[in-house]
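Right, one structure below, let's go through it.
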Number of protein chains: 2
Amino acid sequence: MAKNYFTTCILGAFILDEQVRLVKHIPFGDIGQWKEKQAAEERVKKEFPASEPLPPEKQHVFLRLLARREYYPSFHLLNKELTKGQVRQNTGEDMLILQAVNAVDELSLSINRLISRLREWYALYNPEGERAMQDNGQFVQSVILQSKEELFKSLGIPSKNNMGISLGPVDVGIIQQLAKDIHALQDAKKRQEAYLEQLMKKICPNLTAIAGFLIGARLLEQAGSLKNLMEFPASTIQILGAEKALFRHMKTGAKSPRHGYIAHHPLIASAPQALHGKIARALADKMSLAVKMDYFKGKFIGDKLLEEVQRRFS
Amino acid sequence: MAKNYFTTCILGAFILDEQVRLVKHIPFGDIGQWKEKQAAEERVKKEFPASEPLPPEKQHVFLRLLARREYYPSFHLLNKELTKGQVRQNTGEDMLILQAVNAVDELSLSINRLISRLREWYALYNPEGERAMQDNGQFVQSVILQSKEELFKSLGIPSKNNMGISLGPVDVGIIQQLAKDIHALQDAKKRQEAYLEQLMKKICPNLTAIAGFLIGARLLEQAGSLKNLMEFPASTIQILGAEKALFRHMKTGAKSPRHGYIAHHPLIASAPQALHGKIARALADKMSLAVKMDYFKGKFIGDKLLEEVQRRFS
């Protein structure tokens, strides 16, 4: 009985004779069968008991055989399917975090720019009132709800002799409308933040417990994925988000940055300046541990890790 | 009878003796009286018939008299009131146009940035669908209204084997929410545009008739005020908004720009390339005329001006 070779590729199982000429081609209907090629090979072995795997030194002869034009359409189809599957698999849930935190940042930016616009516009009408309200949230609210006179009353400013021009109801209405639209955008931002927080608690509970959801999400966004962040040493996590200062340090020998996104952490923000570096280092240390727990789906130790840092600096 | 001098300043009317010493000070209660200082001077002349205006060469003596500390508070108060009045007067209705057109541009920018964000996010879930919808408005609408499966059906794409990851209802919901928020922002932009159009038709009907409200408003915004725009020659109006190209021309001798904001005018956009410069020049010419009519509250000739250009190039 003549000896046979067999081999599999994305197109199916191929049975070849000793001169590597095609004997039989059992095509794969879809990409699932290629993934379970072991099963296909078992079947081949049953049908051709005397066959053996194609030795590596004869692979190139087989490859020449595959170059036939008749195989092109199936190659195209199956490779596309394979790629689609791989793309799908590489899109993890951490990608949603990146999108959500970017959306939050984008909304913040839009809100801030529109508020400056609103301030400039409203200041034509009521410069004293615009000046008196430094807080953006309060400012938007009051433009929506209060007339110029009501505002002056509540601020205790005399309403006559103010510098603003007088405007008709349509002109005032459109300014108030812009304020309402900004307010809606602020609500949109809150919704996105709530979603981001929920997502962070689900995907990286440990990191979220120590860093808070916004700082945690920014770290993740900067790293690009949970896997990348997991592979970073604590020292990198500590200065993530301070790239500008880091490169200045490397180029000009200026002081190295003590903290990046971590700087906004309540433990650091409330501590005396001299301790900032120390606390940042301790926090980054625990965060690096927490991310590893999150990536490998370990148990929840985030609260304990945070407590340890808190105890050390209180 | 001794001769008297009299003079007025923001503090009131002053009657002085021949050595420029104070005889009497009739203070102005508010800034309105300073504006009608003629009336005050009449009163002084009645009370001191032998008085005459303070000659210029003695003004400096009088000024030294005004340096007394007791005048400081009234100086402060009245000058503040005067400034307020001037600020109020200098804020014309054309300032509202600048604000409105800036708001429209700001909203456009925010919408565009948020849509790119939405596209990136939605593409994780449904890359084929995101790709298929090039139009931003249609894209936002369809994210809000159609499920992934409905979308595939309407686009005629097979729904299985797509590259997107599968998401839970919460994750899909927040993407749809962002789309809704963007849609609300698009509505806000439409409202601002409607207001801007109405304002332009009211304040510069002639310019609006020729240029359209958006191009007209951009020209006004670039010029800074209706008065400035009125003082520009037609050649400046023609290239307003093409500052970059103009300075490149002046610095490197590159071609001078043929048109700035005017380039978006339907007459130019629909004409063959070779005619662009000619039409831009003709339009700018008529616009310059129209702005002058608007500034001096002349009659409405905008439609005739536009017709003249249309007739010439059709």
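Chain naming here is simple, since letters A, B, ... match the order of the sequence lines and numbering starts at 1 in each. Every heavy atom of this structure was used, including side-chain atoms; hydrogens, water molecules and symmetry mates were not. Owing to the predicted nature of the structure, the values given are computational and were not obtained by experimental measurement.
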What part of A:L109 gets closer than 4.5 Å to chain B, counting heavy atoms only: side chain, backbone, both or neither? side chain
Please state whether the side chain, the backbone, both or neither of A:A100 comes within less than 4.5 Å of a heavy atom of chain B. both
Between A:Q192 and B:W121 the two heavy atoms that sit nearest each other are OE1-CH2, 3.3 Å
Under 4.5 Å to a heavy atom of chain B? For A:L98 that would be neither
Can you name the residues of residues 168-182 of chain B that have some heavy atom under 4.5 Å away from a heavy atom in chain A? B:V170, B:D171, B:I174, B:Q177, B:L178, B:D181
If the condition is salt bridge (charged side-chain N to carboxylate O under 4.0 Å, His left out), which residues does A:K201 pass it with, not counting sequence neighbours? A:E197
Heavy-atom pairs under 4.5 Å with chain B - which of A:K80, A:R113, A:Q198 has more of them than the others? A:R113
Checking B:I111 against chain A: side chain, backbone, both or neither under 4.5 Å from a heavy atom? neither
Proximity of residues 212-231 of chain A to chain B, residues having a non-hydrogen atom under 4.5 angstrom: none
A:L199 versus chain B, heavy atoms under 4.5 Å apart: side chain, backbone, both or neither? side chain
Whether over 12 other heavy atoms sit under 6.0 Å from A:R119 CZ: yes
In terms of heavy-atom contacts, does CZ of B:R191 have more than 12 from other residues, nucleotides or ligands at under 6.0 Å? yes
Run the side-chain hydrogen bond (donor to acceptor under 3.5 Å, both in side chains) test against B:K202 and tell me which residues pass, sequence neighbours left out. B:E93
